[in-house]
Amino acid sequence: MPYLGGEETVKELRRALSNPHVQGDPLRHRSTVLRVIRVMSQGVDVAGLFSEMVKACATTDVVQKKLVYVFLCSYASLNPELSLLVINTLRKDCQDPNPMVRSLALRNMTNLRLPSLVEYVQQPLTAGLRDRAACVRRVAVLGWAKLHSLQPHADIDAAVVNELYSMLRDNDPVVMVNCLRALEEILKEEGGVAVNKAIAHHLLNRLKECDVWGQCEVLGVLQRYRPHSEEELFDILSLLDPCLLSPSVPVMAATLGLFLSLCCRGLPAVSLAALRRAQGPLLAACGSASPEMKFTALCHVQLLLRSLPGLMGEHYKRFFCGYAEPAYIKQRKMQVLVELVNDDNVGFVLDELKGYCTDVSPDTAQAAISAIGRIGRSYSDQCLEILTGLLGLKQEHITSVVVQTMRDLVWVCPQCSESVCEALEGCEDTLQDSQGRQALLWLLGVHGDRVSSAPYVLEAFVEQVRSEMAAGVKTELLTATMRVFLCRPAETQDTLGRLLHYCIEEEADMNVRDQALLYYRLLHCGIEETRSVLQGRRSDPSLGVLIGRPAEPVSQWARSFNTLEPLRQCNAGAESAPQAAPYHLALDPEPSLDLSDPLNPSQDRQETGEMAALHRGVAWDQHRAHEHQDGPAADVPGPSRPVKVDHLLVPVADQ
C-alpha cells in the first residue's frame, strides 16, 4: 500500500470503493471502508471520497453503516450539497424494522449539524418520540436538543415541548432523564424545566430506577422545587435519606446539595444532621484512588468544617499525606489537618507536619511550615519549638518560610515575641529570597529593641543595598532602619544616614526614592511625630485563634456545594505562604481587617499610612514656605548632600 499521506492512497481507495467486485463482497467492502476511516484518523484529507462513501451507506451491514456515518458526520460541513444525498438514505433507515438501525440513523441525522437539513430532520424526530423501542426514543429526545443548539434563536414547536413534558412519565428511566436534559436546553432562557408538585414527586419516586448520571441530573433539577408545606418537605427528605449513604459519591453529593437547598434556611438543625450523616461517604471519597475525586472531596470537607469545625476530629489520621500523592493533594490535606486540631490530637498532628517540612518538594515543605504556623495561634509553645528546630537545618527555602511564619505568628500572638527574637539570631546568612529577607527586616524593625544584633544586621543589609534587586526589600529596609533608629539611635544613626542618602541620590526605583523622601521629611517634623507614625501596634490578637471560633451558618456556602466553586475559592481562614510583611501604623487605632485573609499584607493600610505621613510632611513644608515666603529658598528641605541635623546624618538642601 502506498504511503498513507500521499494522493495515491486516496486514489487507490476510490478505485476500491468503486470496484463492483469489492461492492459485491460484504467483507471486502467493509474492510475497504475501515481503511478509509483508518486513513482519516491519521490526518489524511479523504473528503474526495464523500460520494463513494454515501453509496457505501446503502447496506444492511450495521457495522459498515456505523463506519460510514462516522465519515459522513466528519465531512458533511465541507460538502453540504452532497449531504442531501445522505438524508434520503437516513430517512429510509429511520423506518427500518431493526431498532438499532433506526436509532443509529436518527443519531447521525442530527449529528450532521447542517442548518439546511433541519426541515428534513424534524419529521423523523417527531416520529421517533413515539417509537416502540426505548433506544430510539432516547435518541429522538436528545435530537431535539441538538436541533435547538443548531438554531438557538428558532422557536421550538409548543407541541414538541408538551410531548417532552409528557415523556417524563416514560417507562424507560433513561428516556425520562434525557427529557429533563433536553427541556433544560430548550427552555434555558425561560429558566429550565418548570417543576411542580406532580413532577417533583414523580421524579423522586423513580429516582432509584436511574443510573448514577440520571440520579444526579434529577437531584439537580429538584433543587428548583420548593415544598408547599412542612409535611411535604419531610416526606421529600424521607425519600432522599437513603441516598445520603449511597456508595456513589456523585449521588451522595447531589443528595446533600438538595438537602441543604431545602433546609439550610428554614431547618438549620436538619442541615447539620445531614452533614453529619454524609461524613462517612466523604471520608471514603478522600481515600479514592482518583486524585481528582480525592481533591474534590477534600475541598468539600473544608466546606463542611466551616459549619461543623469538630466534625471529623476523630478521623484526623485519614488526612495524613501519602508519599506518592501529588503536591496539591498534600497541601489540601494539610489545610484540613489544621482545621481538625484539638487538645487531644495536636501532638500527633504536629509530629506528622514536622515530617513534611523536609519533603523533597519545596512547595510541600513550605505548606507544612505554614500549617504549623497557623496551629501556633492556638498552641504557640509547641509550634515555636518545631519552627526553631527547623531554623537549625540551614536550608534556604525552609529558613525563608519559617521566618515568614514567625513574623505572622508574632503579629497574631504577641506573647511569642521573646522566643521569636531569640531564634532570629544568625539566620540572616541563610536567607536568599526576597520574601524571607522582607520578613526578617520587618521583625528587626518592629522588635529591634529585643534583638541585640538588629543594628548590625541592618548595617550589613545597607552595605549590600546597591546589589539588591528587589524593591520590596529596599522599602522594608528603609522602614526597619527608621524604626530601629527610634529605639536605638546611637547604633543606627550612621546606617540610616547612608541608607537615606543612597535611596534619594542614587536609587533608580521611584517607589523606593519616594519612600526615602517621605521618611526624610518626616524626620524634619520631629522625632515624636516620626515615632507616632512608625511605631504603631506590634500585634493584633483580635484576629483570634483556631480553637473555639464560631461556626458559620450553612446558608453562607450551601449554594456552592457540589459545584466547582469550592475548587476555585481559597479556604476560609487558610492562607498560603505569606507574600510580604504587614504594615502597622498608629494612625488608625481601629483598622478594618479582612478576616478572610488576616495575615496577608494590607496594601490599603500601607498606602493610607504613607499618604497620611506624606500629608503631614507636605503640610509642614507649606507651613515653612508660608512662614518664610520672603526668605531664602534654602529653608525648604530638599535632598542634596549629607550634614548633621539633630544628631542624625541625613541629606538636606544645598545652602
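Counting from 1, the numbers follow the sequence of the chain as shown.
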Output yes when a side-chain donor or acceptor of Thr481 lies under 3.5 Å from a complementary backbone atom of Leu496, and no otherwise. no
Taking only Lys NZ, Arg NE, NH1 and NH2, and the carboxylate oxygens of Asp or Glu, determine whether Glu339 and Arg374 approach each other closer than 4.0 Å. yes
What is the distance from atom CD of Glu476 to atom CG of Leu444, rounded to the nearest 0.5 Å? 10.0 Å
Decide side chain to side chain donor-acceptor pair (under 3.5 Å) for Tyr328 and Asp363; before the verdict, give the C-alpha distance in whole Å, the side-chain angles of both, and the deciding distance to 0.1 Å. CA-CA 9 Å; Tyr328 65 92; Asp363 293 336; over 6 Å; no
State which residue, out of Lys294, Lys330, Arg332, Gln331, fulfils the side-chain hydrogen bond (donor to acceptor under 3.5 Å, both in side chains) condition with Glu325. Lys294
What residue among Leu387, Leu391, Leu441, Ile369 forms side chain to side chain contact (heavy atoms under 4.5 Å, CB included) with Val403? Leu391
I'd like to know whether Val301 forms a side chain to side chain contact (heavy atoms under 4.5 Å, CB included) with Leu305, so could you lay out the CA-CA distance, the side-chain angles of the two residues, the decisive distance to 0.1 Å, and finally the verdict. CA-CA 6 Å; Val301 165; Leu305 293 177; 4.1 Å; yes
Could you tell me whether the side chain of Arg531 and the main chain of Cys487 form a donor-acceptor pair under 3.5 Å? no
Whether Trp557 and Phe561 hold their rings parallel, tilted or perpendicular, with breakpoints at 30° and 60°: tilted
Tightest non-hydrogen contact, residues Met482 and Leu534, listed as CB-CD1, 3.5 Å
Sidechain N-carboxylate O distance under 4.0 Å for Arg306, Glu552: yes
Of the non-hydrogen atoms in Leu340 and Asn345, which two are nearest, and what is the gap between them? O-ND2, 3.1 Å
Checking side-chain hydrogen bond (donor to acceptor under 3.5 Å, both in side chains) between Lys474 and each of Gln515, Glu468, Glu507, which is the one that passes? Glu507
Flag the pair Glu506 and Arg466 as a salt bridge only when some basic side-chain nitrogen lies within less than 4.0 angstrom of an acidic carboxylate oxygen. yes
Any side-chain heavy atom of Thr479 within less than 4.5 Å of one from Tyr519? yes
With a 4.5 Å heavy-atom cut-off, do Phe320 and Leu337 have their side chains touching? yes
If you compare all heavy atoms of Leu303 against all heavy atoms of Pro566, which two are closest, and at what distance to 0.1 Å? CD1-CG, 3.4 Å
Smallest separation among heavy atoms of Val336 and Leu298, with atom names: CG2-O, 4.2 Å
Looking at Gln556, I want to see if its CD is surrounded by more than 12 non-hydrogen atoms of other residues, nucleotides or ligands under 6.0 Å. yes
List the atom of His300, the atom of Asn562, and the distance in Å for their closest heavy-atom pair. NE2-N, 3.0 Å
Taking every heavy atom of Thr296 against every heavy atom of Glu292, the minimum-distance pair comes out as OG1-O, 2.9 Å
Using side-chain heavy atoms (C-beta onward) and a distance below 4.5 Å, is Asp343 in contact with Tyr379? yes
Can you find a pair of side-chain heavy atoms, one from Val554 and one from Pro268, that are under 4.5 Å apart? no
If we only count heavy atoms from C-beta on, is the Arg318 to Met312 side-chain gap below 4.5 Å? no
Salt bridge between Glu459 and Arg498, side-chain N to carboxylate O under 4.0 Å? yes
